Amino acid sequence: MVTSQGTTQLVAGTIQANKDLTGKAIDINILDSMGNVLTTTDYVYIDRQEVEPIHAGETRSFQTYASFNGEAASYQVVIRDLLRPEPKGITSMYGDPMVLSFGPPSGFTGTLPIGKFSPFTVRFYNTSSTAINVKPIDMQFSVYTTNGRNEAKDLVYSFRRRL
């Protein structure tokens, strides 16, 4: 944890898996002395998880991000499904009857230093008043280095998943 001007940030740590995490995501709730949640991590990225899934009993480093004021008394690790419903309240400002959005977290500049991690999310919103059946699709995410004109140069990373 890093503390500066009264704000504390959780940015990295070590985690030991005690079960299979295939198709799962990890959230870390940071709790105060009364057991209240101060904040929850934006993401938890276990090193090499995309090429070498972590197995039960294995220990690895992770990167994350959470920012909070106050003192952390304890942590609560929550294992959830990788795909999850979003809270209600999305309005038709995104389109009707649906919208599929993909993007980085707010504040992402487009440049990612070597060794750093930034989550990208895929969201599907049903903005209609009726149920929509969604069939799985294959998606691919590729990262390239760029030249001075922001043109793709060399492939750095590619990830494919069925959603």
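From a predicted model like this one, the values you see are computed outputs, not experimental measurements.
Each of Tyr43 and Val78 belongs to its own hydrophobic cluster when Ile, Leu, Val, Met, Phe, Trp and Tyr are linked at side-chain heavy-atom distances under 4.5 angstrom. No single ILVMFWY cluster, assembled from side-chain heavy atoms under 4.5 Å apart, contains both Ile79 and Val37.
Residue Pro53 comes nearest to Glu58 through the heavy atom pair O-OE1, 4.2 Å, listed as atom of the first residue, atom of the second, then distance. The shortest non-hydrogen separation linking Ala66 to Thr39 is CB-CG2, 3.9 Å. Nearest approach of Phe68 to Leu38, heavy atoms of both residues: CD1-CD1, 3.8 Å. Here the closest heavy-atom approach between residue Ser67 and residue Thr7 is recorded as OG-CG2, 3.1 Å. Scanning both residues, Ala17 and His55, for their nearest heavy atoms gives CB-O, 3.7 Å.
Put simply, the side chain of Thr41 gets close to the backbone of Ile28: a donor and an acceptor are under 3.5 Å apart. Judged purely by atom type and a 3.5 angstrom limit, Ser61 has no side-chain atom pairing as donor or acceptor with the backbone of Thr14. Formation of a donor-acceptor pair under 3.5 Å by the Glu52 side chain with backbone atoms of Gln49 is not found in this model. No donor-acceptor distance shorter than 3.5 angstrom exists from the side chain of Thr64 to the backbone of Val11, with no hydrogens or angles considered.
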* To do: Evaluate the criterion side-chain contact (heavy atoms from CB on, under 4.5 Å) for residue pair Arg80 and Lys24; output intermediate values, then yes/no.
  => CA-CA 6 Å; Arg80 62 170 172 81; Lys24 302 294 183 185; over 6 Å; no
* Could you please spell out the steps behind the side-chain contact (heavy atoms from CB on, under 4.5 Å) verdict for Ser142 and Leu155? => CA-CA 7 Å; Ser142 300; Leu155 179 66; 4.0 Å; yes
* So Asn36 and Leu31, side-chain contact (heavy atoms from CB on, under 4.5 Å) or not? Walk me through it. -> CA-CA 5 Å; Asn36 299 314; Leu31 308 175; over 6 Å; no
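The CZ atom of Phe141 sits 10.0 Å away from the CE atom of Met139 when rounded to the nearest 0.5 Å. Rounded to the nearest 0.5 Å, atoms OH (Tyr75) and CG (Asn29) are 12.0 Å apart.
Between Thr40 and Asp27, the side chains place no donor N or O within less than 3.5 Å of an acceptor N or O (distance only, hydrogens not considered). A donor-acceptor contact closer than 3.5 angstrom is absent between the side chains of Ser33 and Glu71.
Here the rule is side chain to side chain contact (heavy atoms under 4.5 Å, CB included) with Ile54, and of Leu21, Thr22, Asp47, Thr59 only Leu21 fits it.
The pair Glu151-Lys153 does not count as a salt bridge, with every side-chain nitrogen at least 4.0 angstrom from each carboxylate oxygen. In this structure, Arg160 does not pair ionically with Asp138, as no charged nitrogen and carboxylate oxygen lie closer than 4.0 Å.
Inter-residue side-chain proximity for Ile26 and Val77 is flagged as met; some heavy-atom pair is nearer than 4.5 Å.
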